[in-house]
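Below is one structure, written out as structure tokens; comments come after it.
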Amino acid sequence: MGKQEKLVKDITSMEEDFAKWYTDIVKKAQLMDYSNVRGCMILEPYGFAIWENIQKILDKKFKGLGHENVAMPLLIPESLLQKEKDHIEGFAPEVAWVTHAGSEKLQERLCIRPTSETLFCEYFSRKVHSWRDLPKLYNQWCSVVRWEKTSRPFLRSVEFHWQEGHTIHETQEEAQNETMRMFNTYADFCENELCMPIIKGRKTDKEKFAGAESTYTIEAMMHDGKILQSGTSHYFGDGFCKAFDITYQDRDNKPSYPYETSWGMSTRIIGGIIMTHGDNNGLVLPPDIAPIQIIIIPISMNKPGVLEKAKEIYNILKEKYRVKLDESNQTPGWKFSEYEMKGVPIRLEIGPKDIEKGQCVLVRRDNREKSFAPLDNLDNEIKQVFIKFKESLYEKALNQRNSLMREAKTKDDFRKICSEKHGFIRSMWCGKEKCEEILKEELSVSSRCISLLDDKISGKCAVCGEDAKHLVYWGKAY
RNA sequence: CGAGGUGUAGCUCAGUUUGGUAGAGUGCUUGGUUUGGGACCAAGAUGCCGCAGGUUCGAACCCUGUCACCUCGACCA
């Protein structure tokens with residue numbers, strides 16, 4: 001194991017310093033680099049490839065549900081941003097402004113979009129006239145700017161890439177269903193493709209999106225017990241429509257306000273993947289989004305037939321998988337470590353001994369479990385390994401989350417839990433913002449979400465002792 | 001925005017206490033030998049010591065300012 005120590009020399013171990021482990025790993029795996037603008041990051045090819053795979057999967061899901069992609073402008077006139085009061089109040093502190101064009105001062109300054117609700121609303125106000133124009137189901141892939149004071153790779157940056165869906169509907173019910181439909185789309189994506197167990201819920205008024213009537217969220221626990229908001233879906237009611245004067249003639253020939261939703265997932269989820277599955281040897285990427293799913297490493301390349309066989313396997317596998325053959329001059333040991341660090345799910349070794357037996361070696365990234373796969377049944381073996389790989393990624397993350405899940409009945413419980421390592425904290429809550437603030441101020445935990453299954457609850461608020469209205473998941477947030 | 005820390009070769013860092021003109025490991029280039037868990041030999045290239053002022057005969061080192069990054073808070077989609 002002496003050589004393993006050499007590998008991790010440059011990477012701090014998770015147990016020693018999780019935050020440092022994280023930044024070491026994103027740089028070492030060449031996912032991103034810092035740029036010249038404070039808080040802005042460069043997505044390097046390997047990191048961007050992960051995002052592209054996420055895009056492909058989500059885009060397909062969205063289109064399958066009837067959404068169309070559009071591209072809104074980057075700039076928003078100040079007057080437009082001002083229209084919805086809660087919205088501007090929420091975003092004003094962190095918007096960047098364009099004030100000049102060349103040397104001339106602009107008559108009205110333009111903000112770089114922090115999110116595009118206002119642009120969509122303005123557009124809808126001109127396009128929606130009749131109930132026959134509804135619904136409109138739009139999405140855009142873009143980047144937005146929020147001038148955050150601190151930044152961390154993927155988790156928080158001044159500019160970040162995301163998708164934002166914006167829809168507009170005839171009825172409240174239809175819009176609410178859309179909100180839930182996209183909420184569930186995100187949840188399924190996290191659990192099925194990213195192998196990340198998540199908690200689904202609704203944000204408290206304190207934590208919900210600026211301008212939304214309700215915000216639904218998926219929350220995931222990271223290795224260090226902190227909680228990452230991983231995707232949100234908002235129901236706007238008719239608030240924005242009223243602010244932007246979006247009206248249409250309804251089926252009864254009366255003027256009516258439509259109802260809106262928006263929903264988004266960002267490159268932040270890449271940080272979530274890293275902090276959910278990664279280990280001290282580097283990244284561990286779920287196969288569905290891994291830029292390289294299988295790395296082929298020829299052993300004793302100079303022996304006759306080895307490289308030829310490796311290329312033959314490569315050519316077959318590339319039809320179905322994202323596969324790479326590393327025929328560089330590095331030693332096998334070096335390659336093993338390199339691709340482990342990069343999180344490649346399966347390593348395929350092929351050497352003289354294997355060729356004799358008509359097989360190759362498959363090694364799983366997560367537990368280094370080896371299996372011998374006959375070359376004439378390779379595709380099937382790989383499929384099986386991927387299935388098992390994904391199952392154990394999910395199971396491992398779930399076990400970890402459950403082992404750090406805590407229950408608080410009183411404030412003393414909260415105090416005790418917060419003094420040691422913990423993940424989600426479940427407790428009853430009266431619904432008053434004051435109790436939320438007390439926990440935030442005294443113990444730095446915030447409400448992550450209100451359980452969706454809290455209709456029939458009974459009990460007392462863990463903070464004030466009054467009758468509880470909700471079951472809430474709390475935690476230290478990223 | 002508050003507290004603390006770090007900026008020296010592509011990367012990880014030593015050198016700063018006590019000022020004298022640039023170092024190690026790794027990586028990189030070339031050639032050769034190697035290859036089942038980070039191989040070896042030989043020859044090479046690589047620096048405005050974050051940036052700007054100041055002190056000094058002389059500054060990576062001392063002083064002032066500034067910028068960036070990291071950590072913990074505060075703030076926050």
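Every chain is numbered from 1 and lettered A, B, ... according to where its sequence line falls, protein lines coming before strand lines. No experiment lies behind these values; they were computed from the predicted model shown.
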If you look at every strand shown and take non-hydrogen atoms under 4.0 Å, does A/Lys303 touch a base, only sugar-phosphate, or nothing?
nothing

Describe the nucleic acid contact of A/Thr331 in one word from base, sugar-phosphate, nothing, applying a heavy-atom distance below 4.0 Å.
base

At their closest point, which heavy atom of [X] faces which heavy atom of [Y], and how far apart are they?
| X | Y | value |
| --- | --- | --- |
| A/Leu228 | A/Gly272 | CD2-CA, 3.5 Å |
| A/Met265 | A/Trp51 | O-CH2, 3.9 Å |
| A/Ile313 | A/Ile350 | CD1-CD1, 3.9 Å |

Tell me the partner of [N], counting only Watson-Crick (N1-N3 plus N6-O4 or O6-N4) or G-U wobble (N1-O2 and O6-N3) with both under 3.5 Å; none if nothing fits.
| N | result |
| --- | --- |
| B/G53 | B/C63 |
| B/U16 | none |
| B/G25 | B/C11 |
| B/C72 | B/G2 |

Take atom [atom1] of [X] and atom [atom2] of [N], then tell me their distance rounded to the nearest Å.
| X | N | atom1 | atom2 | answer |
| --- | --- | --- | --- | --- |
| A/Glu327 | B/U35 | CD | C1' | 14 Å |
| A/Trp21 | B/U12 | CH2 | C1' | 20 Å |
| A/Leu348 | B/G36 | CG | C1' | 13 Å |
| A/Phe209 | B/C76 | CZ | P | 15 Å |
| A/Asp33 | B/C11 | CG | C1' | 12 Å |
| A/Phe336 | B/U35 | CZ | P | 14 Å |

Evaluate whether atom NZ of A/Lys226 has more than 12 neighbouring non-hydrogen atoms of other residues, nucleotides or ligands under 6.0 angstrom away.
yes

Protein proximity profile, nucleotides 68-74 of chain B - base contact B, sugar-phosphate-only contact S, no contact -, cut-off 4.0 Å on heavy atoms:
SSSS-BB

Is the base of B/G36 touched by the side chain of A/Arg347 through a donor-acceptor pair closer than 3.5 angstrom?
no

I'd like to know whether A/Arg181 forms a salt bridge (charged side-chain N to carboxylate O under 4.0 Å, His left out) with A/Glu178, so could you lay out the CA-CA distance, the side-chain angles of the two residues, the decisive distance to 0.1 Å, and finally the verdict.
CA-CA 5 Å; A/Arg181 186 168 79 141; A/Glu178 174 73 1; 2.8 Å; yes

